Every structure is written in structure tokens, then in C-alpha cells.
Amino acid sequence: MTLSRLTSAAALALALGSGAAVAQNAPSDGPGLTFTLRGGVASTPEYFGSDEYSAAPDLGFRFNSLQLNDGSGFGSADPWAESLGFNVHGAFRYIGERDSSDFDELRGLDDIDDAVELGLGVGYGTDNFYAFLDARRGFGGHESWVGEAGMDLIYRPDDRWRFSAGPRLFWGSDGYADTYFGVSPSEAASSSLGAYDAEGGLLSAGVEVGARYRINDDWGVEGALTYDRYMNDAEDSPIVEAGSDDQWGVRLGLTRTFRLRF
């Protein structure tokens, strides 16, 4: 996944959910809603292209199931069940603001407000493999379209541990690329960076390695390590050249499943 500074605004993922939402009968003890929350800490670059890192809260939401009175439902009431076959899911990302006055190398550039990206994705999973393709539209700091694709190989040594690893690709439209990697002539005149018109396309490629441990039916621990390398117009941006085109991220948190009965 491409990197962003996660803050408490990530709780907006509740609006979409990030888990599978495939219509199916969901076994449960009765009508109700089952979902999982994650809370922990993450370390990510200060901004896209930065070689400095900071720690921030990491919050997440995963929809598990909705069981209706007539016996129909969506998802699986088992929060540890895998999403098998095809699914359609919500897609969400929060990007923190970029205050150029906080960084000497960015002084003179325009500030960028916080952004929220909302969209949909499709996925396909088996016991040992999962692939997805997401499309999101930005609101706030950028008003553009982005896309993300990935696939994971999955290994479970027992019923408590789950390990995954696989590649990630990220695309951004012209508007997105220009917002985070471009330098306008007026910005160049008031900064140490040269003017640069960034165009969209494939902007980064990387890998994500994750692990999850099931403590009991309700509690778990999960974490991930990500690496992304900027490509094409992102890699050539003077903003990235002033920092680093290698971007790392790590997160670790507790998960708690909630079951609300109607």
C-alpha cells in the first residue's frame, strides 16, 4: 500500500468498511452486526518523498457481517474467516496535511490540506492467495482519482497465525501527481526547487508483508511492514529528489471484534 500518515481520521473507514461485502448467508446467533476495530501505532514518512519518519496513531475498521431478521445476510459472522471467491469491498485512505513550513527543503511550496479517498474495489481470494484492485476518489487535499492493485500469498502454520506477503502497485491521475509531486512556476520562484509538471500514471511499486495472531475469538494482534519505490514522474520530482524515492512504513496494533445483536 502506498504510504500516508494515519491519524484518528482513519476512523472514517467506518463509512465504507474495508472488508469483503459479498452477499451470502452469514451464520450467527441471530440478527446483528459484526465488525472489527484495530488500534495501534504506525511509522510513515513525514510526506510523500520524505526521508524523515514520524509515529502516529493507526486505526482501522473491518466489516465482518450483517445478519438480517429474515435469515439473509452479508459477509461472515466469523471475524477470522477468509474472503473466498470474488468480493466487492469499500476502499479508504487518509492522507495527512503537508505544511511546507515544517520542512526546510519544502519552504516556498504551497501547503496541502488533509485528504480523504473513498471508493470501491474488487477482490478474489482462496485459502492461500488473495488479489485486489481498488479505485478511489480524493476529497480535500486533492480531488483526483487513484488506483491500487496487489496480491498476497498466504501461509497459516496453525489456526492462530496468518502470514501474508505480496507486491503492490499504485496509480494516480494527473491531478494527484501534480498535487503531491509537482512544483509550479510560482512555487519554484519562492523555493529552492525547480519547476516541475508531474503527470499521472504508475507512480510507485512495492511490497507488503503482514502477520496476524489470533489471541481468542474476539482479540488479536496484527502488523505490517511496507516498502514502496517511486516511479516515473514521481521518482523524477524535485520533491522526491530532495528526500528519498524509497518509502518504508510499519504498523502494529490490537484488534477487537464487536458483535451487536438486534
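The model shown is predicted, which means the values in this text are computed figures rather than measured ones.
Residues Ser244 and Asp246 bring no donor and acceptor atom of their side chains to less than 3.5 Å of each other. A donor atom on one side chain and an acceptor atom on the other are not found under 3.5 Å apart for Tyr155 and Asn128. At a cut-off of 3.5 Å, with distance as the only test, no side-chain donor of Thr257 or Asp217 sits close to an acceptor on the other residue. Between His142 and Asp178, the side chains place no donor N or O within less than 3.5 Å of an acceptor N or O (distance only, hydrogens not considered).
By the side chain to side chain donor-acceptor pair (under 3.5 Å) test, Asp245 pairs with Arg229, sequence neighbours left out. Not a single ring pair (Phe, Tyr, Trp, His ring centres under 6.0 Å) links Phe139 to another residue, sequence neighbours left out.
For Phe35 and Phe63, the distance between ring centers is not under 6.0 angstrom.
Between Phe132 and Tyr130, the angle of the ring planes stays under 30°, which puts this pair in the parallel group of the 30/60° scheme. The aromatic rings of Phe181 and Tyr230 lie perpendicular to each other, with more than 60° between the two planes, well past the 30° mark.
With rounding to the nearest 0.5 Å, the separation of CD in Glu235 from CD in Glu241 is 8.5 Å. Between atom OH of residue Tyr53 and atom CH2 of residue Trp248 there is a gap of 8.0 Å, rounded to the nearest 0.5 Å. If you take OG on Ser164 and CG on Leu153, they are separated by 9.5 Å, rounding to the nearest 0.5 Å.
The shortest heavy-atom contact between Gly108 and Ser191 is CA-CB, 4.0 Å.
Using a 4.0 Å cut-off between a side-chain N of Lys or Arg and a carboxylate O of Asp or Glu, Asp113 and Arg98 do not qualify as a salt bridge. In this structure, Arg93 does not pair ionically with Glu148, as no charged nitrogen and carboxylate oxygen lie closer than 4.0 Å.
Taking the ring axis of Phe170 as reference, the NZ or CZ atom of Arg168 does not stay both within 45° of it and closer than 6.0 Å to the ring centre.
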